[in-house]
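Scope of the values below: all heavy atoms of this structure, side chains included, with no hydrogens, waters or symmetry mates. Below, read A as the first sequence line, B as the second, and so on, with proteins coming before strands; counting in each chain starts at 1. From a predicted model like this one, the values you see are computed outputs, not experimental measurements.
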Protein chains: 2
Amino acid sequence: MQAKEAAERLGITQRMLRHYENEGLLDVGRTLNGYRSYTEVDLRRAGRVRDFIATGFSTREIRAMSACLSDEGAGPCEGGLEKLKEKLEHIDRLRAELDEKRSAVMDRLATLQNGLATVSSR
Amino acid sequence: MQAKEAAERLGITQRMLRHYENEGLLDVGRTLNGYRSYTEVDLRRAGRVRDFIATGFSTREIRAMSACLSDEGAGPCEGGLEKLKEKLEHIDRLRAELDEKRSAVMDRLATLQNGLATVSSR
DNA sequence: ACAAAGCCTGACGTACATGTTAGCGTTAAA
DNA sequence: TTTAACGCTAACATGTACGTCAGGCTTTGT
């Protein structure tokens with residue numbers, strides 16, 4: 001498929017796709033006229049790159065664990081899981097605190113509505 | 001506590017702490033001599049900033065949901081949970097694929113060792 | 001045949017996180 | 001009292017992810 005569709009399906013810009021390719025994270029074929037031609041495999045790989053980057057990894061880091069990008073894992077994925085787990089720690093800490101905070105807010109909200117209900121039912 | 005200790009306890013540089021402060025994410029008090037003085041509350045907040053940034057958020061985004069940073073959540077945390085959930089989606093997709101890949105590798109490894117054991121026990 | 005829409009490369013611009021260095025006060029130990 | 005360790009600001013430098021724009025093909029509908 002062509003660049004436009006690929007970008008749309010991934011929810012990113014063509015520029016970003018080209019960037020990933022320039023950084024050696026993607027190797028996209030061309031048609032006779034020189035246009036890039038994305039396969040479904042390319043798409044999945046690009047999707048992973050997008051996710052890694054959105055999660056705070058640099059292209060350099062991603063390149064270092066390129067085995068994590070292929071559909072069929074050839075290598076042991078060079079510490080990819082470990083690094084991901086570090087990110088997870090960060091995110092988990094945040095999520096735990098936010099969840100806590102959210103329920104506190106919900107509680108206060110419930111209490112408030114309760115109070116109003118009590119009042120209005122008098 | 002002073003800058004050095006604060007940075008060490010957070011596992012980041014003093015430069016980064018100052019950066020967070022310059023970006024309006026932290027408001028650290030000073031002692032008479034002008035030295036920054038970090039409280040435990042400051043530390044927790046800075047830790048959250050560190051985690052948000054390590055997870056791919058920009059100072060700008062973090063500022064926009066600054067309610068997510070205070071110990072006692074005053075506000076509804078302005079979409080903080082939603083954004084975090086997006087990040088989680090990215091990370092979850094990656095983790096699922098990596099876990100899958102890892103077990104595939106482990107399987108092959110087990111098969112291999114099994115084969116060797118069989119051979120050596122002949 | 002021509003316009004509209006896509007693709008391509010290359011280059012410049014920007015935002016942001018950090019590192020680094022310089023110049024200078026403070027504090028505490030030898 | 002000198003020296004080492006630490007703090008501060010300000011400014012410059014770097015790396016990375018993109019946005020954007022120019023100049024120029026290709027393809028397709030009219």
Side-chain angles (χ1 to χ4, degrees), chain A residues 1-39 42-43 45-66 69 83 86-87 90-91 94, chain B residues 1-39 42-43 45-66 69 83 86-87 90-91 94:
Chain A
M1 97 200 47
Q2 291 198 160
K4 190 180 188 187
E5 188 185 346
E8 275 168 5
R9 283 182 51 182
L10 289 169
I12 61 182
T13 64
Q14 296 178 242
R15 176 69 171 85
M16 288 160 86
L17 276 172
R18 259 178 280 132
H19 180 53
Y20 300 163
E21 199 178 338
N22 288 338
E23 292 295 326
L25 301 174
L26 246 48
D27 188 20
V28 185
R30 306 292 182 118
T31 54
L32 290 177
N33 58 16
Y35 285 17
R36 264 165 269 253
S37 171
Y38 296 88
T39 66
D42 291 335
L43 268 210
R45 187 177 179 107
R48 272 167 228 140
V49 171
R50 172 204 59 196
D51 287 344
F52 270 115
I53 287 188
T55 315
F57 288 93
S58 67
T59 51
R60 167 183 249 293
E61 288 174 299
I62 303 175
R63 213 178 302 122
M65 44 183 211
S66 53
L69 293 177
K83 289 191 174 182
E86 277 179 38
K87 293 286 176 184
H90 292 132
I91 233 179
L94 289 172
Chain B
M1 101 198 45
Q2 291 198 160
K4 190 181 188 187
E5 189 185 345
E8 274 168 5
R9 282 182 51 182
L10 290 169
I12 61 182
T13 64
Q14 296 176 241
R15 176 68 172 86
M16 290 160 86
L17 274 173
R18 260 178 279 133
H19 179 52
Y20 301 162
E21 199 178 339
N22 289 337
E23 293 295 327
L25 301 174
L26 246 48
D27 189 20
V28 186
R30 306 291 183 119
T31 53
L32 290 177
N33 57 17
Y35 286 16
R36 264 166 269 256
S37 171
Y38 296 88
T39 67
D42 291 336
L43 269 210
R45 186 176 179 109
R48 272 168 228 138
V49 171
R50 174 204 58 196
D51 287 344
F52 270 116
I53 286 187
T55 316
F57 289 94
S58 67
T59 51
R60 168 183 249 291
E61 289 175 297
I62 303 176
R63 213 177 303 121
M65 44 183 213
S66 54
L69 293 177
K83 288 191 175 184
E86 278 178 37
K87 293 285 175 183
H90 292 132
I91 232 179
L94 289 173

Just checking A/Arg50: base, sugar-phosphate only, or nothing, at a heavy-atom cut-off of under 4.0 Å?
->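 The answer is nothing, as A/Arg50 stays clear of every strand by at least 4.0 Å.
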* To do: Evaluate whether atom CG of A/Asn33 has more than 12 neighbouring non-hydrogen atoms of other residues, nucleotides or ligands under 6.0 angstrom away.
  =>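 For A/Asn33, atom CG is crowded (more than 12 foreign heavy atoms under 6.0 Å).
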Whether over 12 other heavy atoms sit under 6.0 Å from B/Arg30 CZ:
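More than 12 within 6.0 Å, yes.
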(Q) Assess the residue pair A/Leu69 and A/Tyr20 against the criterion (side chain to side chain contact (heavy atoms under 4.5 Å, CB included)); give the C-alpha distance rounded to whole Å, side-chain angles, the decisive distance to 0.1 Å, and a yes or no. (A) CA-CA 12 Å; A/Leu69 293 177; A/Tyr20 300 163; over 6 Å; no
Side-chain donor/acceptor of [X] to backbone N/O of [Y], under 3.5 Å:
| X | Y | value |
| --- | --- | --- |
| A/Glu61 | A/Ser58 | yes |
| B/Arg45 | B/Leu25 | yes |
| A/Arg36 | A/Ala3 | no |
| B/Asp51 | B/Arg48 | no |

Margin query: Test side chain to side chain contact (heavy atoms under 4.5 Å, CB included) on B/His19 and B/Thr59; report intermediate values, then the result.
Written below: CA-CA 9 Å; B/His19 179 52; B/Thr59 51; 4.2 Å; yes
| Interface limits on DNA chain D, where chain A has a heavy atom under 4.0 Å of a nucleotide atom |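 Boundary nucleotides touching chain A, in 5' to 3' order, are D/dT16 to D/dT27.
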Whole-Å distance separating the [atom1] atom of [X] from the [atom2] atom of [N]:
| X | N | atom1 | atom2 | answer |
| --- | --- | --- | --- | --- |
| A/Glu5 | C/dG6 | CD | P | 12 Å |
| B/Leu32 | C/dT26 | CG | C1' | 13 Å |
| B/Phe57 | C/dA17 | CZ | P | 13 Å |
| B/Arg15 | C/dA22 | CZ | P | 16 Å |
| A/Lys4 | C/dC8 | NZ | P | 13 Å |
| B/Arg63 | C/dA15 | CZ | P | 13 Å |

Identify each atom pair where a protein N or O and an N or O of nucleotides 27-30 of chain C are less than 3.5 Å apart, giving names and distance.
residue	atom	partner	partner atom	Å
C/dT27	OP1	B/Asn33	ND2	3.1

In residues 16-27 of chain B, which ones come under 4.0 Å of DNA chain C, going by heavy atoms?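 DNA chain C contact set from residues 16-27 of chain B: B/Met16, B/His19, B/Tyr20.
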So does B/Arg60 get a side-chain nitrogen or oxygen closer than 4.0 Å to the phosphate oxygens (OP1/OP2) of C/dC16?
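Indeed, a polar side-chain atom of B/Arg60 lies that close.
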Review point. At under 4.0 Å, does any side-chain N or O of A/Gln2 touch on OP1 or OP2 of C/dC7?
Key: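 A/Gln2 to C/dC7 OP1/OP2: side-chain N or O found under 4.0 Å.
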Exercise for review: Assign each of A/Gly34 and B/Ile53 to its nearest nucleotide of DNA chain C by heavy atoms, then name whichever residue's nucleotide is nearer the 5' end.
Suggested key: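 Closer to the 5' end of DNA chain C: A/Gly34.
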Run A/Met65 and A/Phe52 through side chain to side chain contact (heavy atoms under 4.5 Å, CB included) and show every step you take.
CA-CA 11 Å; A/Met65 44 183 211; A/Phe52 270 115; 3.2 Å; yes
query: Under the side chain to side chain contact (heavy atoms under 4.5 Å, CB included) criterion, do A/Arg50 and A/Met16 qualify, and how do the steps go?
result: CA-CA 9 Å; A/Arg50 172 204 59 196; A/Met16 288 160 86; 5.9 Å; no
### Query
Between B/Ala46 and B/Leu17, what is the shortest heavy-atom contact and its length?
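Distance-wise, the nearest heavy atoms are CB-CD2, 3.9 Å.
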